[in-house]
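The model shown is predicted, which means the values in this text are computed figures rather than measured ones. Convention: sequence-line order gives letters A, B, ...; per-chain numbering from 1.
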Amino acid sequence: MNRSMNRKGDAGDSLMFFAFFFLMIIIGGGISLGLYAFYGQGHDFRQAEADVLGKRVEDCFMKNDFFEAGFNETIYKKCGFNKGVIEKDHLIYVRNQVGNEFFIGVLDYKNQCFFKGAEKNKNFPRCAKFTITKSGQEFEVIVGSNQNSRSIIL
Amino acid sequence: MNKRGESAGDNILFNNLIYMILFILFFLGMFYYVLGFQNGAALLEDFYAKEISRMINAAELGTETEVSLDVTKATEIAFKKGVRRSDIFNFDNVNNKVIVSLRLNGGTSFNFFNDVDVVDWDIKLVSGGIETNRLYFKIVEKQRESE
């Protein structure tokens, strides 16, 4: 009976649980912020990767017809790209003068890369945009990358 | 029977025990996180993973290419932390991934889009150079399973 009757301070005691977690978040956040301020964010490789990918696309484009039927499947073998990697965090987009489009990967990078202010937002991908001339025609090419490194536990 | 402090004592002990356990878990997590930044290991892992990936992506298809990269700084840190030479750089050809590990039980991975295999990787001393370590690896055509 004493046990069930003497409940003084139980509610306040339970509320301390949230205060404890709040404190842990403040401490953890402070340590992370300090490390970030000291070491910086690391090397943003996405623009460099987009440039390398663009060069490879250009070389492959000169040897193949991107607009033939089914090329969005055969491109991986003909250009030597890995399907899983390209479709996950990259974009290869080609458009000819009459408006026909070819793309593999994340099509929305075509917009995200060129939004006003996108270059200041690290969540947006980085793209390389250029023009290729082939058989007297001009083709617009956009290649993008939004791949970041991943920490793993071994 | 007057068991003063029985329920109060139990509650204080139990509550504090839970907080202590949670705090220890939190502390271990933060410690592991901070340890990754020691000597800039996490940053260097990130840099080398991306640099190696860039070299693989730039390789031409259809030819066997041998590549070397100065990894002295990375290996200095890794050896200091007790990472084995064979564990510092690894290549996952199934998932097209390069994994750099300069600390025990942790690493950084980065994918390469070039559909090739990386084989015969090893860290060697540069001939004639006492303090320079170099990573050598070969980039070959993708070894596909026969159907």
Checklist entry - Can you name the closest pair of heavy atoms from B:N57 and A:R56 and give their distance? => result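 It is O-NH1, 3.0 Å.
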
Item to check | Minimum heavy-atom distance B:N111-A:Q147, with the two atoms named | outcome: N-OE1, 2.7 Å

Next on the checklist: Within this structure, what is the CE-OH distance for the pair A:M24 and B:Y19, rounded to the nearest 0.5 Å?
Outcome noted: 10.5 Å

Next on the checklist: Please report the interatomic distance CG(B:D46) to OG(A:S151), rounded to the nearest 0.5 Å.
Outcome noted: 8.0 Å

Give a yes or no on this: more than 12 heavy atoms of other residues, nucleotides or ligands lie within 6.0 Å of atom [atom1] of [X].
{"X": "B:F27", "atom1": "CZ", "answer": "no"}
{"X": "B:K81", "atom1": "NZ", "answer": "yes"}
{"X": "B:E60", "atom1": "CD", "answer": "no"}
{"X": "A:F67", "atom1": "CZ", "answer": "yes"}
{"X": "A:F115", "atom1": "CZ", "answer": "yes"}
{"X": "B:E141", "atom1": "CD", "answer": "no"}

Tell me, for [X] versus chain B, whether the close heavy atoms (under 4.5 Å) come from the side chain, the backbone, both or neither.
{"X": "A:S32", "answer": "both"}
{"X": "A:R150", "answer": "both"}
{"X": "A:L53", "answer": "both"}
{"X": "A:N148", "answer": "backbone"}
{"X": "A:F17", "answer": "both"}

Next on the checklist: Which atoms of B:F112 are under 4.5 Å from chain A, going by heavy atoms: the side chain, the backbone, both sets, or neither?
Outcome noted: backbone

Item to check | Interface moiety of B:V116 toward chain A, non-hydrogen atoms closer than 4.5 Å | outcome: neither

Hey, are the side chains of [X] and [Y] touching, using non-hydrogen atoms and a 4.5 Å cut-off?
{"X": "A:N82", "Y": "B:N114", "value": "no"}
{"X": "B:Y33", "Y": "A:L35", "value": "yes"}
{"X": "B:K97", "Y": "A:V85", "value": "no"}

Item to check | Selection from B:I99, B:L61, B:N95 maximising heavy-atom pairs under 4.5 Å formed with chain A | outcome: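 Most heavy-atom pairs within the cutoff with chain A belong to B:L61.
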
Any chain of hydrophobic side-chain contacts (each under 4.5 Å) joining [X] to [Y]?
{"X": "B:V98", "Y": "B:F137", "result": "yes"}
{"X": "B:W121", "Y": "B:Y48", "result": "yes"}
{"X": "B:L43", "Y": "B:V34", "result": "yes"}
{"X": "A:I31", "Y": "B:L22", "result": "yes"}
{"X": "A:I86", "Y": "A:I142", "result": "no"}

Checklist entry - Aromatic ring centroids of B:F110 and A:F45 under 6.0 Å? => result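 B:F110 vs A:F45: aromatic centres under 6.0 Å.
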
Next on the checklist: Between A:Y76 and B:D115, is the side chain to side chain contact (heavy atoms under 4.5 Å, CB included) condition met? List the steps.
Outcome noted: CA-CA 8 Å; A:Y76 299 107; B:D115 206 22; 5.9 Å; no

Next on the checklist: Ring-plane angle category for B:F113 and A:F81, please: parallel below 30°, perpendicular beyond 60°, tilted otherwise.
Outcome noted: perpendicular

Checklist entry - Looking at A:D89, A:L23, A:I153, which makes the most heavy-atom pairs under 4.5 Å with chain B? => result A:I153

